[in-house]
Amino acid sequence: MAIQDSKSARAAHEEVMAAEQAHLSAVYGDLVRMRDALVRKLAAIDADAAADKGVMAEEMTLNATSFDEALETYAAINAANRVIEGYNIAAETAAAKLADVELLLRQPYFAKVVLCYQADEEPRELYIGAAGVADENFKRLVVDWRSPVAEVYYNQANGRTSYQANGRTIEVDLELRRQFDIERDVLRACFDTTVAIEDPLLLASLSAERSSHMKAITTTIQREQNTVIRHADVPTLLVSGVAGSGKTSVLLQRIAYLFYTHRDDLVPDQVHLITPNPVFTSYIQNVLPEMGERNPHTCTWDELARTLLPAGMSPGKGEVDVERLYRMDDRVSTLRLTHADYAEIRADKVRFVTPNQVDSLMRRFDRVPLGPRRVTLVREELLKRFDQRLKRMAASESAADDLEALSIEEQLRIFHETLHPQSEAEVCDLALRMLRDRYAGVRAALERDEWLRIDRIAARLAETSGAAPVEWLYAKMALTGLSEPDARYVMIDEVQDYTAAQLACMAKYFRRARFMLLGDENQAIQDTAITFDQVRAVFERLCGAVSRCDLMISYRSTPQITALFARLARDESMQIQSVHPDGPAPALVACDDARAYRMRLMHLIEEAHERTGLTAVIVPWKAHLKGLREVCGDALPLVEDRDSLPESGPFAITLKLAKGLEFDQVILPDVSDAVYPATDASRRRLYTAISRATHQVWMLYVGEASALLSEVEKATLA
């Protein structure tokens, strides 16, 4: 009976596979035809646009001899511009659809749901993919994974369910939830499942070897991750996730989701992603492009701070009491500036701004409280005077002489053509353009408020003898209103590694944006760790309400590795789960002496060279790399700040750069008590280093192992 049931099940599955392959082949054929049609359409648009431009160029002339002829010519030019704009819109629309189709040709879809909306209606079959497309009859071939209806797939529960669309709750019965393993037009497997932990595609994805770049998780988004990705817009969303819970993947999927839901008015430059280091930036750079989206503006805290601080000032560590920054806000309006608080602006021995001039303007507007509004009034007046000064200079004989003396190269750089002025007015106009180019740095200095001596003012606001970089920056924002007003969303990964003062600076600089903060308190590797309560306090004060989501399932490591780093978590009551199949227990390797240690370490590195996948040799700090290099030499490449990860094999990396990354194997070359003493900071470093591994961990030591590891149950170690 069991054999017969097995045969029946196999036959039923083969029938499903055949039907789904037939559907896939049909959809793939439609996609190929759509691609070819769009390519032809773009070629036709280009040809028509070129032809019309040629005709219009012949018909239009600017050699009008009367006012009426001039009006007619300008009207023709406007009409031509509208025609060209129409071609551009048509080309952009076709190109965007072509990009979606080409994305789907790699994998047309990855899931299917069967929904029943009304009891008396036929169920609807919807196929879900990385983008959404419809055929020429507006029939949906593939539904975008970010569309409202796709949420029923990610909710992972058959039966009565619902989704939100256009402000309404739509009730449906989910009759089938099917996953596909597809490559182009070949169906390799399909699964019907409702339980995430039994997700075959997820487990297959998790077992794959790690590479130098992160991959999108669109096909394997889990229910708790989906809650974060589709979370309602709030002033600040704080996501606390255990190691390996997919925080960074969720962050990137959230960005893709926002681009989809705000596709008519959100552009990548309005989204800012603050990453922990340049290696991490390189690691994630392919994820959004693989989903058909452009990357947002991405930088580290240091890179952001250096664009705002004066040249030569290092961002520093930001270890300043955040309450001192808040007191600056309170003191700005009552601060009395003096002549010594203003700076001179000059170039080529020409003084454009003097402290006396600034002082006079500050007194003119003294009825306006000191702060961004008064500084803006003074700035606008200084810029107005600067423009007037350049106009006077342009009318002088010396400016005309300078214009005549310009080399051909300089003329082409400034004007994009050689000069042949025909009148004094034209000479004056050209001289003004030359002077604007020459003194562009002066205008930029005025716009950056360099006529204010922020160093002196910040020290007085902070009541210190010298302001730290974060105090300088916060003071400038409080005084001048320095900000990025166009930013709409700011994502900060590894939020626990920032100081409260650094977070306050970012909250103030991106003051109009909505924030998404992701991190794990157990991965705060610095001695001066910030708690999530402190993070919440900063953003509640500067941005408003803070919502929180928790991710407690680890998708990175085997149960054995997960159990080890879970025991090192600050709160051992945390229910950290792993969905991986069993793997080898982490190995704690005792070495009798330095010679035995070197032999064991070199043996592990040689084995790593013979394997595919990535093996990271992680040390806590840069100082430990020297000893590692002495033992391993060139056999162990080093990944530094500006490097990308290798494609495979072993390499050495500091814990700071390894943050947020994951590797097939991890070697901790020295887990002695000297390197990892029994402190809370060391506990967090061990938790972070061990949790980088997906399949195996080796921990070596000579003498005594860290007492932190002796606290861990022996059952978790080999």
Side-chain angles (χ1 to χ4, degrees), residues 214 224-258 270-277 280-281 284 287-288 296-305 318 322 325-326 470 474 483-484 487-526 528-552 570-571 574 656 659-660 684 688:
M214 176 181 279
E224 63 171 3
Q225 296 171 331
N226 185 58
T227 299
V228 177
I229 293 167
R230 296 174 184 264
H231 199 284
D233 262 357
V234 291
T236 301
L237 177 60
L238 176 60
V239 180
S240 172
V242 300
S245 58
K247 294 183 294 298
T248 302
S249 295
V250 165
L251 180 156
L252 295 169
Q253 304 289 142
R254 170 73 171 172
I255 292 174
Y257 176 74
L258 291 171
Q270 294 174 313
V271 181
H272 293 250
L273 173 55
I274 312 299
T275 66
N277 56 65
F280 184 84
T281 302
I284 65 172
V287 176
L288 285 167
H297 182 86
T298 305
C299 66
T300 65
W301 156 256
D302 281 358
E303 289 167 342
L304 173 64
V322 72
L325 303 187
Y326 299 152
V470 288
Y474 198 90
S483 67
E484 179 50 81
R488 290 177 57 185
Y489 294 94
V490 176
M491 303 356 199
I492 304 178
D493 205 0
E494 304 288 352
V495 69
Q496 75 283 344
D497 283 341
Y498 298 93
T499 66
Q502 289 170 335
L503 293 176
C505 283
M506 286 189 274
K508 197 169 186 69
Y509 181 66
F510 298 109
R511 65 176 187 268
R512 295 183 183 175
R514 294 180 179 272
F515 283 84
M516 183 178 184
L517 317 172
L518 301 96
D520 178 1
E521 287 181 283
N522 288 296
Q523 294 188 59
I525 64 173
Q526 303 293 340
T528 54
I530 185 171
T531 67
F532 276 13
D533 285 342
Q534 291 171 301
V535 172
R536 177 185 287 274
V538 169
F539 284 89
E540 282 181 340
R541 179 181 180 113
L542 296 174
C543 301
V546 175
S547 301
R548 175 165 170 166
C549 291
D550 294 324
L551 301 174
M552 299 304 296
R570 177 181 298 166
D571 181 2
M574 294 171 62
K656 180 180 178 182
K659 291 290 296 293
R684 297 193 301 267
T688 305

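Every value quoted in this text rests on a predicted model; they were computed, and no experiment measured them.
Listed by chain and number, the residues in a salt bridge (Lys or Arg N to Asp or Glu O under 4.0 Å) with R541 amount to none (sequence neighbours excluded). Listed by chain and number, the residues in a side chain to side chain donor-acceptor pair (under 3.5 Å) with T298 amount to none (sequence neighbours excluded).
Test L518, L503, I274 against V495 for side-chain contact (heavy atoms from CB on, under 4.5 Å) and you get one pass: L503. Shown are D497, N277, T275; of these, the side chain to side chain donor-acceptor pair (under 3.5 Å) with K659 is made only by D497. The side-chain contact (heavy atoms from CB on, under 4.5 Å) with V250 is formed by just one residue from the set T227, V228, N226; it is V228.
Between Q496 and E494, the side chains place a donor N or O and an acceptor N or O closer than 3.5 Å (distance only, hydrogens not considered). Side-chain contact annotation: T531 with Q534, donor-acceptor N/O pair under 3.5 Å present.
If you take CG on L325 and NZ on K508, they are separated by 9.5 Å, rounding to the nearest 0.5 Å. In this structure, M491 CE and L237 CG are separated by 8.5 Å, a value rounded to the nearest 0.5 Å. Taking CE from M516 and CD1 from I492, the interatomic distance works out to 11.5 Å, rounded to the nearest 0.5 Å. Atom CD1 in I525 sits 6.5 Å away from atom OG1 in T688 (nearest 0.5 Å).
Remark: the backbone N or O of V234 is paired with a side-chain donor or acceptor of R514 at under 3.5 angstrom. Using a distance-only test at 3.5 Å, with no hydrogens or angles considered, a donor-acceptor pair links the side chain of Q225 to the main chain of S245. Although no hydrogens or angles enter the test, the distance criterion places a donor-acceptor pair under 3.5 Å between the side chain of R684 and the main chain of A524. A donor-acceptor contact shorter than 3.5 Å is absent between the side chain of R230 and the backbone of Y257. For the pair R548 (side chain) and S240 (backbone), a donor-acceptor distance under 3.5 Å is absent.
The aromatic rings of H297 and H272 are tilted relative to each other, their planes meeting at an angle between 30° and 60°.
In the displayed structure, R512 atom CZ is contacted under 6.0 Å by at most 12 heavy atoms of other residues, nucleotides or ligands.
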